[in-house]
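Presented below is the structure to which this report refers.
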2 protein chains.
Amino acid sequence: MRKLPPLGSLRAFEAAARRLSFREAAAELGVTPTAISHQVRILEEICGRPLFRRRPRPLALTDAGERLFPVIRNGFDTFASVVTAVSAKTIRTTLRVTSPNAFASRWLVPRLPRWRKLYPQIRLEIIGTDAVLNLRAGDADLAIRYARTMPTDLVAREIFRDSFFPVCSPALLGEGVPAITRAADLLHYPLIHYDWLNGDREPPSWSRWLAVARSVDPDIPAATEHWDLSFREEIHAIDAVAAGQGIAICSDVVVSHEIESGALVKAHDLALPGYGFYVVHVPDHPRQASIEAFAAWMRSVA
Amino acid sequence: MRKLPPLGSLRAFEAAARRLSFREAAAELGVTPTAISHQVRILEEICGRPLFRRRPRPLALTDAGERLFPVIRNGFDTFASVVTAVSAKTIRTTLRVTSPNAFASRWLVPRLPRWRKLYPQIRLEIIGTDAVLNLRAGDADLAIRYARTMPTDLVAREIFRDSFFPVCSPALLGEGVPAITRAADLLHYPLIHYDWLNGDREPPSWSRWLAVARSVDPDIPAATEHWDLSFREEIHAIDAVAAGQGIAICSDVVVSHEIESGALVKAHDLALPGYGFYVVHVPDHPRQASIEAFAAWMRSVA
DNA sequence: TCGCTGGATGAATTGGATTCATCTAGACTG
DNA sequence: CAGTCTAGATGAATCCAATTCATCCAGCGA
């Protein structure tokens, strides 16, 4: 039989661990710090080891506390969101989908008419943001995560993977400008750079692409760290590329619509390996069927 | 700010929903049924709707209760298991793997020496059972689930899929017996049948295989519902096949070792589509790296 | 060195959970 | 179809676990 720990002590522990302060946790729960102290001690006695390292200050979690904390926090997030959902007067009908900004505006939104045609009864709400929403807290029903490997914190399925190519407007390659026959020729054009904030140690940037290209075309000078245009946001970089301002290393998935329509062209065929697009949701989501329809649809329109 | 429901009422609700009886829930929690009644009412008032349908009896969950219950149960299972894990004196070193019986004995165990060679530092404990263990309760670290589609209650990744062929011992096809050149010839041999208890409406059985075969070889009589040998367990059926007692419809994955060694042969090339093998684990498992190594290893030795 | 902040500790207190006593609906029985 | 029994509802009374109070202590900063 399952041996459930005292739930009050879990709640006190979670608040204290989240704020790393008994005083603040007490304020949050509307009790005195003493109450937190007592409850945490109870849990520590059950676990047979300290969960907080109290000094030297500041307050910190022990290894045991570190293992406990994410699980308890997720559990409470889940409890809160499911009770809120069940309490809601109206049953939500739209499926809330969140994805990185560039993917939402360049891939998802242009294809939404096709979705509406196939599934008019399932309305979508697209939340394009590069922040990671908390699905367990009910911020969205489904997230499209963009990562090298499968996320393991939620239920995930890989839809497709992308590759990165130098991409530009066909207008940029008009008459009177040098043709691109080999990688080194790209350097005659303005190179458009944008930031990768995902913590990847080897993001698919110009410096990486040129390094790979150098291995087949030694004429490319090493350490070309000068970018003609630099953006914070991938989405703005793509806008600049579409406007014919230069060449950028872009995901073939994100610009697939523009490639197909001829609005953008690949400037060179050398590709960098990219990331996976994962449809992610909480376990046992109540609208499983809609989520599976969406994942299957994404694969089908890839 | 997250609005956490009263945890005591969640506990009472979970026990009552699991046993579908206030009286039994009370006994489990060591309180009187009145206590359960009061706590459940509190939760129902928070949700603004009944969670149980009390009459006509027997007690049943309402739709709202049905949505709440799996989430709360999973949460408590998770709490109990993580606290137990943190409380454990010794840190567990073996990775506990559970899989269906036949797969464990026919596929996994014969390949374990290869695992030990590659990962001597990660010890495996194999739990072969056709029961579905509760990973959230900590019954095992990792399960190999066998299903048509990806499980969505936990983190899952598909490793490979199988197909079903008629398989027999090469000794069965010796001299003095009719050769097998077409599907109908199989009927001259003892057909070995075993039960599919997974609830699949179209399990890969002899009747299904013969139905498909009939579409290419009309000589096969319809409704051949006579099996020469019938087993409850796939694993016993395979033993009988290996002993040369007849032909069975077997998963090419489960008998791959015997096929490769020549101990068993395919009696016919017509295949039925099979199931996926999924490596499944709880979200945010503390030994993620070992689990990923195991999944990658399974793929590599497929 | 002296406050000051934040947490620990043990006794006292209190309020939310539990029980008790009673009531009711529905099921089963002969 | 009464008679009986089971399972849960309800409201007042009770009680114990959670909280507070009062006090103490360690570390940090001025």
Side-chain angles (χ1 to χ4, degrees), chain A residues 3-62 64-66 68-69 72 76 79-80 83, chain B residues 3-62 64-66 68-69 72 76 79-80 83:
Chain A
K3 216 202 78 197
L4 208 52
L7 300 172
S9 62
L10 290 183
R11 188 184 36 186
F13 165 76
E14 192 269 345
R18 184 156 34 80
R19 314 217 141 195
L20 287 177
S21 160
F22 283 26
R23 194 179 52 80
E24 287 179 30
E28 173 180 325
L29 300 181
V31 296
T32 57
T34 310
I36 304 293
S37 178
H38 283 302
Q39 289 299 316
V40 168
R41 168 145 317 290
I42 288 171
L43 191 58
E44 286 180 321
E45 260 152 32
I46 286 170
C47 292
R49 61 197 57 184
L51 299 172
F52 288 97
R53 185 185 53 63
R54 287 139 221 251
R55 47 187 72 89
R57 294 195 192 158
L59 195 67
L61 285 164
T62 62
E66 209 76 72
L68 215 48
F69 174 50
I72 307 300
F76 284 158
F79 287 174
V83 169
Chain B
K3 215 202 78 196
L4 208 52
L7 300 172
S9 63
L10 290 184
R11 188 184 36 185
F13 165 77
E14 191 270 345
R18 182 157 34 80
R19 320 209 96 145
L20 286 176
S21 160
F22 283 25
R23 192 180 53 80
E24 287 180 29
E28 173 181 325
L29 301 181
V31 297
T32 59
T34 310
I36 304 293
S37 179
H38 283 303
Q39 290 299 317
V40 167
R41 169 147 315 291
I42 288 170
L43 191 57
E44 287 180 319
E45 261 153 32
I46 285 170
C47 292
R49 61 198 57 186
L51 300 171
F52 289 97
R53 184 184 55 61
R54 287 139 222 254
R55 40 188 74 86
R57 296 194 191 163
L59 195 68
L61 284 164
T62 61
E66 208 76 72
L68 215 49
F69 173 49
I72 308 299
F76 284 158
F79 286 174
V83 169

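Note that these values count all heavy atoms, side chains included, but never hydrogens, waters or copies made by symmetry. Order of the sequence lines sets the chain letters (A, B, ...), proteins ahead of strands, with each chain counted from 1.
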Under 4.0 Å from OP1 or OP2 of [N]: is there any side-chain N or O of [X] that close?
| X | N | result |
| --- | --- | --- |
| A:Arg41 | C:dT9 | yes |
| B:Ser37 | D:dA9 | yes |
| A:Thr32 | D:dT20 | yes |

To the nearest Å, how far apart are [X] [atom1] and [N] [atom2]?
| X | N | atom1 | atom2 | value |
| --- | --- | --- | --- | --- |
| A:Ile42 | C:dT9 | CD1 | P | 13 Å |
| B:Ile36 | D:dT6 | CD1 | P | 20 Å |
| A:Leu59 | D:dG27 | CG | P | 14 Å |
| A:Leu7 | C:dA17 | CG | P | 12 Å |
| A:Arg53 | D:dG27 | CZ | P | 12 Å |
| A:Gln39 | D:dA18 | CD | P | 5 Å |
| B:Phe22 | C:dA25 | CZ | P | 18 Å |
| B:Leu29 | C:dT18 | CG | C1' | 12 Å |

- Between B:His38 and B:Glu24, just flag the one whose closest nucleotide in DNA chain D comes earlier from the 5' side.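 This one resolves to B:Glu24.
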- Main-chain N/O of A:Pro50 paired to A:Thr62 side chain as donor or acceptor, under 3.5 Å: yes
- Message: Between the side chains of A:Glu44 and A:Arg49, is the shortest nitrogen-to-carboxylate-oxygen separation below 4.0 Å, so that they form an ion pair?
- Response: no
- Query: Under the criterion side-chain contact (heavy atoms from CB on, under 4.5 Å), which of B:Leu10, B:Ile42, B:Ile72 is the partner of B:Pro5?
  - Reply: B:Leu10
- Item | Test of ring centre spacing under 6.0 Å for A:Phe76 and B:Phe79 |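 Yes, close enough.
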- Comparing B:Ala35 and A:Arg23 on DNA chain C - which has the more 5′ nearest nucleotide: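 In this pair, the answer is A:Arg23.
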